[in-house]
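What follows is a short report on a single structure.
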Amino acid sequence: MHGSESQISTAIGRTGEAPESFLERPLRFRRFCVLPRSRVLLCDGRPVPIGSRAFDLLTALLRVRGTIAEKNGILKCVWPSTIVDDSNLRFQMTALRKVLGSDGDMIKTIPGRGYLFADDDVTENAAPPPMGKTSEHDTVQVPGWLRLVPNPEVPSGTAAPYVAVVDDEPEIREALVGLIESAGLCVEAFPSVRAFLDSDRPSPPSCLVLDAWLPEHGGLDFQAELAKAKVRLPLIFISGHADVAMSVRAMKAGAIEFLTKPVRHEELLNAIKFAMAGDIAAFRPDS
């Protein structure tokens, strides 16, 4: 074992029992408080129903919050005496996110590695690294229409949520538009951040699928500018040139998901659904 896998195994113990000091200490985040010894999860002081595996998963993630928890380490902590595959982990992760509701966004998926329970302090202060070829005179101004609260309805008044896609590769834009439309959503695609901002929409999208590496103005630069302007817009990054450091910093800065190209259809649609949790009913049943 190494890295976060070793950290988790040490924190929770080889038999799944937490060290005495860990059992005595409440674990707090946002509106929640975890009582490990009592195996109780509180939200605003009230008990929240949670499954046994989901509770073990939550405590394991909290022990190494702010760092990547690798899949193998999580499996050994949550299922210490049972051989399970990734599907069990994904199922329990989905269950845990549902229990946490809108605060489930603190759990980030790091493609190919594992999961990250974001630290609020780090999330607010982290600045994404420069991407693309942005220079000082390339800095964009966030338009007024993007400062509005995202509207789950498209401007035409139809019931389907509106998703924006920004990617400089025409083939990828076309493929993403087809995929998102197949899920019963309205979507509009743009070749650059500048084209997206110049579209002058009546309201911002409910979700923005954004290439992290764009030739003129990088997606992570745009994320930093949105944060500076205090614009909260659900972002899902996609990239064919990502590394672990890039994805971690993007997630800590508030991204919903960071996916590598070629993007798996199910992963992208699930990320969009999570980003627009209040509009899941607008998806087709077979999506």
(request) Write down the atom of Pro26, the atom of Pro36, and the distance for their closest heavy-atom approach. (result) CA-CD, 4.4 Å
(request) Check the pair Arg97 / Asp103 against salt bridge (charged side-chain N to carboxylate O under 4.0 Å, His left out), numbers first and verdict last. (result) CA-CA 8 Å; Arg97 281 170 166 156; Asp103 293 303; over 6 Å; no
(message) For a quick test of reading the model, state the closest non-hydrogen atom pair linking Ala271 to Ile256 and the distance between them.
(response) O-CG2, 3.9 Å
(request) Report the C-alpha separation of Leu61 and Ile74 in whole Å, then their side-chain angles, then the decisive distance to 0.1 Å, and conclude whether the side-chain contact (heavy atoms from CB on, under 4.5 Å) test is met. (result) CA-CA 8 Å; Leu61 292 174; Ile74 296 175; 4.0 Å; yes
(message) Looking at Glu257 and Lys108, is there a salt bridge between them, counting it only when a charged N and a carboxylate O are closer than 4.0 Å?
(response) no
(message) Working note: Asn88 + Trp79, criterion side-chain contact (heavy atoms from CB on, under 4.5 Å); need CA distance, chi angles, decisive distance, verdict.
(response) CA-CA 10 Å; Asn88 298 84; Trp79 291 272; 4.0 Å; yes
(message) side-chain contact (heavy atoms from CB on, under 4.5 Å) for Leu89 and Ser87? Distances and angles first, verdict last.
(response) CA-CA 5 Å; Leu89 177 56; Ser87 63; over 6 Å; no
(request) Quick one: closest heavy-atom pair of Leu259 and Leu268, and the distance? (result) CD1-CA, 3.7 Å
(request) To the nearest 0.5 angstrom, please state how far the CZ atom of Phe117 sits from the CG atom of Leu57. (result) 10.0 Å
(message) My understanding is that only one of Leu235, Asp105, Ile110 makes a side-chain contact (heavy atoms from CB on, under 4.5 Å) with Met251; could you say which?
(response) Ile110
(request) May I ask you to decide whether Lys261 forms a salt bridge with Glu169, counting only side-chain N to carboxylate O separations under 4.0 Å? (result) yes
(request) For Thr82, check side-chain hydrogen bond (donor to acceptor under 3.5 Å, both in side chains) against everything at least two apart and list the hits. (result) none
(message) With side-chain contact (heavy atoms from CB on, under 4.5 Å) as the criterion, how do Val209 and Val163 come out once you've worked through the C-alpha distance, each side chain's angles and the decisive distance to 0.1 Å?
(response) CA-CA 7 Å; Val209 179; Val163 179; 4.1 Å; yes
(request) Write down the atom of Asp168, the atom of Pro170, and the distance for their closest heavy-atom approach. (result) O-CD, 3.5 Å
(message) For the backbone of Val34 and the side chain of Arg28, can you confirm whether one donor and one acceptor N or O come within less than 3.5 Å of each other?
(response) no
(request) Using only heavy-atom distances, determine whether the side chains of Arg39 and Ser52 contain a donor-acceptor pair under 3.5 Å. (result) yes
(request) First locate atom CD1 of Ile68, then atom OG of Ser247, and finally report the distance between them rounded to the nearest 0.5 Å. (result) 6.0 Å
(request) Carefully, step by step, assess Asp44 and Arg30 under the rule salt bridge (charged side-chain N to carboxylate O under 4.0 Å, His left out). (result) CA-CA 9 Å; Asp44 295 328; Arg30 292 188 180 173; over 6 Å; no
(message) Consider side-chain contact (heavy atoms from CB on, under 4.5 Å). Of Ile172, Leu210, Leu176, Ile238, which one does Val165 pass it with?
(response) Leu176
(request) Mind running salt bridge (charged side-chain N to carboxylate O under 4.0 Å, His left out) on Arg173 and Glu188 for me, showing each step along the way? (result) CA-CA 9 Å; Arg173 288 200 305 274; Glu188 188 169 359; over 6 Å; no
(message) Quick check: closest heavy atoms across Pro204 and Leu233, and the distance to 0.1 Å?
(response) CB-CD1, 4.4 Å
(request) With rounding to the nearest 0.5 Å, note down the distance linking CZ in Phe274 to SG in Cys207. (result) 11.5 Å
(request) Looking only at non-hydrogen atoms, find the nearest pair between Phe237 and Ala255 and report the distance. (result) CD1-CB, 3.7 Å
